[in-house]
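Before any comments, here is the structure.
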Amino acid sequence: MPDDHQWMGLALEEAGLAAEAGEVPVGAVVVINGRLLGRGHNTPIALSDPTAHAEIVALRAAAAAVGNYRLVGATLYATVEPCAMCCGAALQARVARLVYGAADPKAGAVRSLYQMLEDPRLNHRVEVAAGIRGPECAARLHEFFRAKRT
């Protein structure tokens, strides 16, 4: 069964697809019991949809694959720390675990700005592993924005 680093590699591939399309390079995959059930990358520009973040796209694909909006036992891999919207979706889906690469000090709702996934006031909590392939994930973002500025 692939480990966190390998699954994050698939999320990084998705981030590359986003960058090629001119979207912010964020990718995500959803895995349950060692099986890839959903994958996605940022598409809000292409779809004119502010909710089309990589995590949401991957969660939608996984929910469709299992025929249920509850993704009990799922691990969500994201190249960047999810925002409040994506954390909310992970909580609603009952994702068991989140693995992310780069921190997002401006919008991250897992550890940077908020700690939504581990808030004891909520009826579900998500186990978190941060920094997996973090330098690669951060470099993807830095390269994208550096290219945009020049």
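In this text the structure is predicted, and so the values were computed from the model without any measurement. Note that these values count all heavy atoms, side chains included, but never hydrogens, waters or copies made by symmetry. Count residues from 1 along the sequence.
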- Task: Give the intermediate values and the outcome of side-chain contact (heavy atoms from CB on, under 4.5 Å) for residues T75 and V95.
- Result: CA-CA 6 Å; T75 299; V95 166; 6.0 Å; no
- Specify the closest pair of heavy atoms between E23 and P44, including all atoms of both residues, with the distance to one decimal. OE1-CD, 3.3 Å
- Message: So, using side-chain hydrogen bond (donor to acceptor under 3.5 Å, both in side chains) as the criterion, who are the partners of D49 when residues are at least two apart?
- Response: T51
- Validation row: P82, C87 side chains within 4.5 angstrom (heavy atoms): yes
- Note on the structure: Interatomic distance, CG@L10 vs OG1@T79, rounded to 0.5 Å, equals 12.0 Å
- Minimum side-chain heavy-atom gap V99-W7 below 4.5 Å: no
- State the SG-CG distance between C86 and L76, to the nearest 0.5 angstrom. 8.0 Å
- Note on the structure: Value for CD (E13) from CZ (R39), rounded to nearest 0.5 Å, stands at 6.0 Å
- Contact summary for A109 and C83, nearest pair of heavy atoms: CB-C, 3.6 Å
Please tabulate, for side-chain N and O atoms in residues 128-138, each donor-acceptor pair with protein atoms closer than 3.5 Å (sequence neighbours left out).
residue : atom : partner : partner atom : Å
R133    : NE   : E136    : OE2          : 2.8
R133    : NH1  : H5      : O            : 2.7
R133    : NH2  : E136    : OE1          : 2.8
R133    : NH2  : E136    : OE2          : 3.4

- Kindly say whether P25 contributes a backbone atom to a donor-acceptor pair with the side chain of N42 at under 3.5 angstrom? no
- Check the hydrophobic clustering (I, L, V, M, F, W, Y; side-chain heavy atoms under 4.5 Å; chains of links allowed) and say if L37 and L71 are grouped together. yes
- Message: Could you check whether any side-chain heavy atom of T43 comes within less than 4.5 Å of a side-chain heavy atom of V57, counting everything from C-beta outward?
- Response: yes
- Between V24 and L141, does a side-chain contact (heavy atoms from CB on, under 4.5 Å) hold up when you go through it step by step? CA-CA 7 Å; V24 175; L141 286 170; 3.9 Å; yes
- Task: State which residues pass side chain to side chain contact (heavy atoms under 4.5 Å, CB included) with L17; sequence neighbours excluded, sorted by chain then number.
- Result: E14, E20, H41
- Message: Can you confirm whether more than 12 heavy atoms, excluding those of Y114, are under 6.0 Å from its OH atom?
- Response: no
- Task: Could you tell me which non-hydrogen atom of P50 sits nearest to which non-hydrogen atom of S48, and how far apart they are?
- Result: CD-O, 4.1 Å
- I32 vs R35 side-chain heavy atoms within contact, under 4.5 Å: no
- Query: Taking all non-hydrogen atoms of both residues, which atom of A11 and which atom of V29 are closest, and how far apart?
  - Reply: N-CG1, 4.0 Å
- Query: Rounded to the nearest 0.5 Å, how far does CZ of R60 lie from CD of E55?
  - Reply: 11.5 Å
- I56 side chain near M85 side chain, heavy-atom distance below 4.5 Å: yes
- The reported gap from CZ in R140 to CG in L12 (rounded to nearest 0.5 angstrom) is 5.5 Å
- Message: Membership question, hydrophobic clusters at under 4.5 Å side-chain separation (ILVMFWY): are L122 and L59 in the same one?
- Response: yes
- Task: With the side chain counted from C-beta on, respond yes when R97 and V31 share a heavy-atom pair under 4.5 Å apart, and no when they do not.
- Result: no
- Cluster check L36, V26: I/L/V/M/F/W/Y, side chain < 4.5 angstrom: no
- Message: Are V80 and L113 linked, directly or through intermediate hydrophobic residues, by side-chain heavy-atom contacts shorter than 4.5 Å (ILVMFWY only)?
- Response: no
- Task: Hey, could you give me the NE2/CZ distance between H124 and R70, rounded to the nearest 0.5 Å?
- Result: 9.0 Å
- Message: Within the 4.5 Å heavy-atom criterion, are Y77 and L98 side-chain neighbours or not?
- Response: no
- Salt bridge between R111 and D104, side-chain N to carboxylate O under 4.0 Å? no
